[in-house]
S.K.: 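Before we start, here is the structure in question, set down as structure tokens.
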Amino acid sequence: MSSAEKEATYRVAFLINSCDAYSDLWEPFFTYLFKNWAHCQFDIYLIANFKTYSHARVTVINVGEDVSYADNLRAALGLIDADWILLWFDDAFICQHVDDDRLLKILRDAEESNSPFIQLSPDLPVSYEHPTGDIGIVPHGVKYRTAVGVNFIKKDLLLQLVPPGISAWEMDRSDMSDRLSIDVYALTRDAATAPPIESIHAVAKGRWIRSAYPILKNDGWDDLLKGRGIQPFWEHIYFRLYHLRGKIYKALSIYWR
């Protein structure tokens, strides 16, 4: 396939969902991004309220007052010319080299399967339907089936999944995908052990996640770390137990319903 054919087939926008309250994360986010994905072929967009970020490869979309997750996202999507959105959060720092060829193959497989939504996160849900491939279908009724985060989503579908006024949490818990009767794909259990894009989840509820803190400190972000508190210990334990549950479900091929 020629580069022109690829461009025609894969009109993808890499969209980082953020706001001015998290602008302190932009410098480390893009530092890690361009270190580990130097040849990202997608147009890169950053959602902000009024602030800007100066980089030749980043287009900042200022949406004005922070109304809601859905309203901010919808306003940004109206200014993006793309078929697919690679949706991302500002507190997920890409920490390993990104496999471009594998990522494009996943997108091609999704298109051939007529799926408008692909989960790329190694967390739940994963698919147990095609254990030897990179992606498989996620049955209806599975919790967080269309959770926002690390996803390939058709732009038109994303607009349907985020009706005005809802929060990211409400979208995660929505049954909209079941009511729309769409096919949702996710990484298989084996693929999730080495995902095409790996990241460090750095912030939860406005505080540094305890497991991310020493990594960022070791990478020299001491001044950045002073600007936020650290996740309470009880919340850290909850996170660890959540991920332990996920490992158990994956080991037993159980969907979370």
Side-chain angles (χ1 to χ4, degrees), residues 13-40 42-69 72-73 75-76 85-100 103 120-123 147-151 167-169 171-172 195-243:
F14 181 29
L15 179 59
I16 301 102
N17 186 28
S18 188
C19 63
D20 288 2
Y22 285 80
S23 61
D24 58 316
L25 304 185
W26 297 347
E27 190 60 34
F29 178 90
F30 288 111
T31 297
Y32 285 113
L33 170 64
F34 294 123
K35 174 185 177 181
N36 293 303
W37 200 3
H39 303 294
C40 174
F42 307 141
D43 292 332
I44 302 170
Y45 296 89
L46 171 68
I47 299 177
N49 300 116
F50 301 99
K51 292 186 177 182
T52 190
Y53 180 80
S54 181
H55 193 286
R57 296 181 61 187
V58 179
T59 299
V60 178
I61 301 178
N62 292 117
V63 297
E65 292 293 340
D66 194 11
V67 179
S68 73
Y69 172 86
N72 293 351
L73 184 54
I85 302 296
L86 174 52
L87 190 60
W88 203 270
F89 276 128
D90 54 9
D91 62 357
F93 299 159
I94 295 175
C95 61
Q96 298 291 336
H97 173 73
V98 176
D99 188 337
D100 291 84
L103 200 59
L120 294 174
S121 171
D123 296 328
V148 294
V150 186
N151 322 108
S167 66
W169 176 247
M171 180 180 170
D172 283 354
I197 306 181
E198 295 190 61
S199 62
I200 302 167
H201 186 193
V203 174
K205 298 180 180 179
R207 299 184 179 94
W208 297 112
I209 293 176
R210 284 181 177 266
S211 57
Y213 190 94
I215 297 173
L216 296 172
K217 186 174 180 60
N218 185 63
D219 286 347
W221 296 103
D222 300 72
D223 290 340
L224 172 75
L225 293 170
K226 296 173 184 177
R228 293 177 179 271
I230 302 177
Q231 178 185 52
F233 185 72
W234 65 266
E235 194 172 298
H236 172 67
I237 296 299
Y238 173 83
F239 268 53
R240 295 292 295 271
L241 291 175
Y242 174 86
H243 288 294

S.K.: How many angstroms lie between atom OG1 of Thr59 and atom CG of Leu15, to the nearest 0.5 angstrom?
M.R.: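 Taking OG1 in Thr59 and CG in Leu15, the distance rounds to 11.0 Å.
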S.K.: Write down the atom of Pro232, the atom of Arg210, and the distance for their closest heavy-atom approach.
M.R.: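 The answer is C-NE, 3.8 Å.
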S.K.: Can any side-chain N or O of Arg207 pair as donor or acceptor with the backbone N or O of Gly229 at less than 3.5 Å?
M.R.: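 No.
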S.K.: Does Cys95 offer a backbone N or O that forms a donor-acceptor pair with the side chain of Glu198 under 3.5 Å?
M.R.: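 Checking the backbone N and O of Cys95 against the side chain of Glu198, no donor-acceptor pair under 3.5 Å is found.
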S.K.: Closest heavy-atom contact between Cys19 and Asp90?
M.R.: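 Taking every non-hydrogen atom into account, N-OD2, 4.2 Å.
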S.K.: Please walk me through it: do Thr31 and Asp219 pass side chain to side chain contact (heavy atoms under 4.5 Å, CB included)?
M.R.: CA-CA 11 Å; Thr31 297; Asp219 286 347; over 6 Å; no
S.K.: Measuring from atom CD1 of Ile85 to atom CZ of Phe14, what distance do you get when rounded to the nearest 0.5 angstrom?
M.R.: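 Those atoms lie 11.5 Å apart.
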S.K.: Which pair of non-hydrogen atoms, one from Ala212 and one from Ala202, has the smallest distance, and what is that distance?
M.R.: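 The answer is CB-CA, 3.8 Å.
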S.K.: Where do Ser18 and Trp26 come nearest, in terms of heavy atoms and distance?
M.R.: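 Scanning both residues completely, I find the closest heavy atoms to be OG-NE1, 2.8 Å.
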S.K.: Can you sort out the partners of His55 under ring-ring contact (aromatic ring centres under 6.0 Å, His included), two or more places apart, ordered by chain and number?
M.R.: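 His55 satisfies ring-ring contact (aromatic ring centres under 6.0 Å, His included) with Phe34 only.
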S.K.: Roughly how far, to the nearest 0.5 Å, is CG of Leu25 from CZ of Phe93?
M.R.: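 Reported to 0.5 Å precision, the distance equals 4.5 Å.
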S.K.: Any idea how Tyr53 and Phe30 line up, ring-wise: parallel (<30°), tilted (30 to 60°), or perpendicular (>60°)?
M.R.: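 Rings of Tyr53 and Phe30: parallel, under 30°.
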S.K.: With rounding to the nearest 0.5 angstrom, report the CH2 to CH2 distance, Trp221 to Trp208.
M.R.: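 Atom-to-atom, Trp221:CH2 and Trp208:CH2 are 9.5 Å apart.
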S.K.: Just jot down the side-chain hydrogen bond (donor to acceptor under 3.5 Å, both in side chains) partners of Asn151, sequence neighbours excluded, or say none.
M.R.: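 Here the qualifying residues are Gln119.
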S.K.: When you compare the side chain of Ile61 with that of Leu46, does any pair of heavy atoms fall below 4.5 Å?
M.R.: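 With C-beta onward as the side chain, the pair stays apart.
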S.K.: Identify the two heavy atoms, one from His39 and one from Arg57, that lie closest to each other, and give their separation to 0.1 Å.
M.R.: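 Of all heavy-atom pairs spanning His39 and Arg57, the closest is C-NH2, 4.4 Å.
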S.K.: What distance do Leu224 atom CG and Lys217 atom NZ have between them, rounded to the nearest 0.5 Å?
M.R.: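 Here the rounded value is 11.5 Å.
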S.K.: Please tell me if the side chains of Ile16 and Val58 come closer than 4.5 Å, counting only heavy atoms from C-beta onward.
M.R.: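 Of all side-chain heavy-atom pairs linking Val58 with Ile16, none is under 4.5 Å.
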S.K.: Within a reach of under 6.0 Å around CZ of Phe50, are more than 12 heavy atoms found that belong to other residues, nucleotides or ligands?
M.R.: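 Counting neighbours around CZ of Phe50, more than 12 heavy atoms of other residues, nucleotides or ligands fall under 6.0 Å, so yes.
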S.K.: Yes or no on side chain to side chain contact (heavy atoms under 4.5 Å, CB included) for His243 and Asp123, after CA distance, side-chain angles and deciding distance?
M.R.: CA-CA 8 Å; His243 288 294; Asp123 296 328; 3.7 Å; yes
S.K.: Does Leu103 form a side chain to side chain contact (heavy atoms under 4.5 Å, CB included) with Trp37? I'd like the steps, not just the answer.
M.R.: CA-CA 12 Å; Leu103 200 59; Trp37 200 3; 3.7 Å; yes
S.K.: Check whether any side-chain N or O of Asn17 sits under 3.5 Å from a backbone N or O of Trp88 as a donor-acceptor pair, and report yes or no.
M.R.: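 Flag not set: sc Asn17 to bb Trp88 has no pair under 3.5 Å.
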S.K.: Which of these passes side-chain contact (heavy atoms from CB on, under 4.5 Å) with Leu216: Asp222, Ile209, Leu225?
M.R.: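 Answer after filtering Asp222, Ile209, Leu225: Leu225.
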S.K.: Determine whether a donor-acceptor pair (N or O, by modelled atom type, separation under 3.5 Å) exists between the side chain of His201 and the backbone of Val203.
M.R.: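 Looks like yes, one N/O pair under 3.5 Å.
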S.K.: Please find the pair of heavy atoms, one from Ala204 and one from Phe239, that lie closest to each other, and give the distance.
M.R.: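 Answer, listing the atom of Ala204 first, then Phe239: CB-CZ, 3.6 Å.
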S.K.: Considering residues, nucleotides and ligands other than Arg240, do more than 12 of their heavy atoms fall under 6.0 Å from its CZ?
M.R.: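 Open: at most 12 neighbouring heavy atoms sit under 6.0 Å from CZ of Arg240.
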S.K.: Could you walk me through whether Leu87 and Val150 pass the side chain to side chain contact (heavy atoms under 4.5 Å, CB included) test, one step at a time?
M.R.: CA-CA 6 Å; Leu87 190 60; Val150 186; over 6 Å; no
S.K.: Measuring from Ile47:CD1 to Asn62:CG, what's the distance to the nearest 0.5 Å?
M.R.: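 CG of Asn62 is found 10.5 Å from CD1 of Ile47.
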S.K.: Give me each pair satisfying salt bridge (Lys or Arg N to Asp or Glu O under 4.0 Å) with a member in residues 17-39, each pair once, sequence neighbours excluded.
M.R.: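 Every pair satisfying salt bridge (Lys or Arg N to Asp or Glu O under 4.0 Å) with a residue in residues 17-39: Asp24-Arg228.
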